[in-house]
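Treat the numbers as computed from the prediction; the structure is a model and nothing was measured.
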Amino acid sequence: MDVILDGIIEAVRLLISLDREVLQITLLTLQVSGIATLISVLIGIPMGTVLALTGFMGRGFLVSLVNFGMGLPPVVVGLATWLCLTRYGPLGMLGLLYSPAAMIIAQAVIASPIVAGFSMAAIQSVNPKLRLQILSLGATQFQFLFLIIWEARLGILAAVIAGFGGVISEVGASMMVGGNVRGYTRVLTTATVLEVSKGSFEMATALSIILLLLSFSIMASLSYLQQRGRRP
Amino acid sequence: MRKSFYVIFALVFFLAAPSLHAQKIGPEPAVRDLILATTTSTVDSGLLDLLHPVFEKKTGYRVKTISVGTGQALAMGEKGEADVLLTHAPASEKKLVDAGTVINYRRVMFNDFVLVGPPKDPAGIKGKPSPEALKTIAAKGSVFISRGDDSGTHKKELSVWKKAEVTPAGSKWYLESGQGMGATLRMASEKEAYTLTDRGTYLAQRANLNLDILSEGDRELLNIYHVMQVNHEKFNKVNAAGAKAYVEFMVAPEVQKMIGEFGKEKFGQSLFFPDAGKE
């Protein structure tokens with residue numbers, strides 16, 4: 001109990017004093033997970049749209065693949081990314097291992113299927129009659145896609161929320177490909193693991209609380225974006 | 001619509017902004033990144049947090065410390081995935097030295113391993129030399145927690161079991177945590193079990209633990225740390241200059257002094273004893 005209380009006090013102290021190291025870790029967490037989510041949106045939404053609106057050979061298989069990917073264990077993604085990025089691995093010449101870029105890659109791999117899967121479901125649940133109506137009103141292909149996605153925006157925002165939630169809370173992959181290097185690839189989750197193994201539970205609790213606050217404020221703004229103007 | 005566009009624009013701008021870590025100090029070497037694969041005890045005790053800022057300021061390298069068990073650290077060296085190693089398993093290290101995988105193999109410091117257990121000592125091992133103590137634990141069937149992760153401590157533990165002529169694997173009282181030293185100590189404390197630990201990690205975490213030192217001091221339990229460069233002639237991607245600078249740094253007299261002083265203020269005694277130059 002003392003640990004939790006001390007952790008809360010420590011978290012408040014760190015936040016008020018704007019501790020430089022904690023600030024840097026928090027910003028890096030936001031940057032890495034934010035960019036990874038952005039990439040997964042760029043990959044996931046088009047992919048979900050194509051899967052939702054078109055029929056082609058192997059579509060069923062791809063859909064199962066995306067749904068399977070939504071539950072990819074981060075630690076497996078981490079291992080695979082690590083193996084690809086090692087100096088003498090297939091992508092070793094990029095020299096990306098133990099850098100924020102490597103963490104972004106791993107997190108984007110984790111989040112993309114989540115965003116794709118949820119977007120697909122969201123677009124599929126748009127009333128099919130609406131599609132016919134848009135087309136019959138003479139919309140161009142681009143206008144058609146834009147309107148359908150706009151119509152599914154609630155579900156698509158949910159997709160983004162789920163993707164971001166998946167990566168900001170993830171620790172296995174970040175630890176493996178980022179290496180938890182102080183001042184460079186240390187994010188809130190990996191810093192928490194380190195503090196626990198050092199036995200500094202107050203600091204670990206404080207970092208966890210900061211992570212929860214950060215995650216909550218982002219989710220709250222996304223929810224506001226999603227829900228504004230809607231009252232039941 | 002327009003408002004959310006601005007929001008997204010601001011977000012992208014923030015994410016693309018250069019991060020805070022882009023601060024530069026000291027000279028600028030050709031290859032800046034230096035990968036150090038090391039054991040958890042040097043990191044968890046806080047020693048490297050003290051030394052690395054000094055090294056980075058002096059040389060301009062950025063040390064990427066990857067803290068893993070000694071077994072994995074040596075494996076990273078064998079694959080050329082690290083530039084420099086700081087480990088504590090001389091028998092395993094010797095194989096890499098003999099194979100020419102690592103060069104510039106230098107002794108840095110030592111401390112010792114100790115057998116710790118619950119203060120009431122149910123197996124009654126207090127004061128016994130380590131092989132005998134383990135034999136007693138096995139005979140009584142008291143719970144013993146092993147690291148089980150091929151770390152330097154785990155290797156040492158196995159060698160003491162061998163000396164005691166006991167094969168603990170598979171016994172009901174023998175648990176393998178598969179975690180770092182800190183986590184294993186806490187597990188032992190919670191389960192009132194025995195375990196083998198390096199003295200540094202034990203002292204650094206003693207405040208959180210309900211464990212006493214029960215067996216210590218025999219030659220068997222000496223814990224020696226070596227630093228070494230991964231051979232750049234075998235692995236062309238290794239940062240040879242940085243690795244050499246790191247090895248020289250660790251054995252330099254002023255750094256050796258810092259190692260000896262480390263922990264005195266906080267724990268009342270040194271966690272590591274410098275001994276560069278002795279073989």
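You'll find the side chain of B:T65 stays beyond 4.5 Å of the side chain of A:N180, heavy atoms only. A:R182 has its side chain out of reach of B:V63: every pair of non-hydrogen atoms, C-beta onward, lies at least 4.5 Å apart. Using a 4.5 Å heavy-atom cutoff, the side chains of A:Y98 and B:E81 are not in contact.
Per-residue counts of heavy-atom pairs under 4.5 Å with chain A were compared for B:T184, B:D49, B:T201; the largest is that of B:D49. Taking chain B as the reference chain and counting heavy-atom pairs below 4.5 Å, the highest number among A:K198, A:R87, A:E195 is found for A:R87.
How far CD1 of B:I66 is from CG of A:L97: 7.5 Å, rounded to the nearest 0.5 Å. Rounding to the nearest 0.5 Å places OG of A:S99 at 8.5 Å from CG of B:D33.
Cation-pi contact between B:K64 and A:Y184: absent, since separation from the ring centre below 6.0 Å together with deviation from the ring axis within 45° is not met.
Side-chain atoms of B:Q205 come within 3.5 Å of backbone atoms of A:S197 as a donor-acceptor pair (strictly under, hydrogens ignored).
Neither the backbone nor the side chain of B:A37 comes within less than 4.5 Å of any heavy atom of chain A. For B:M76, the part lying under 4.5 angstrom from a heavy atom of chain A is the side chain only.
Within a 6.0 Å radius of OH in B:Y202, other residues, nucleotides and ligands contribute more than 12 heavy atoms. Heavy-atom neighbours of B:K244 NZ from other residues, nucleotides or ligands within 6.0 Å: at or below the threshold of 12. At most 12 non-hydrogen atoms from other residues, nucleotides or ligands lie less than 6.0 angstrom from CD of B:E265.
Looking at every heavy atom in both residues, A:M93 comes nearest to B:K237 through N-NZ, 4.3 Å.
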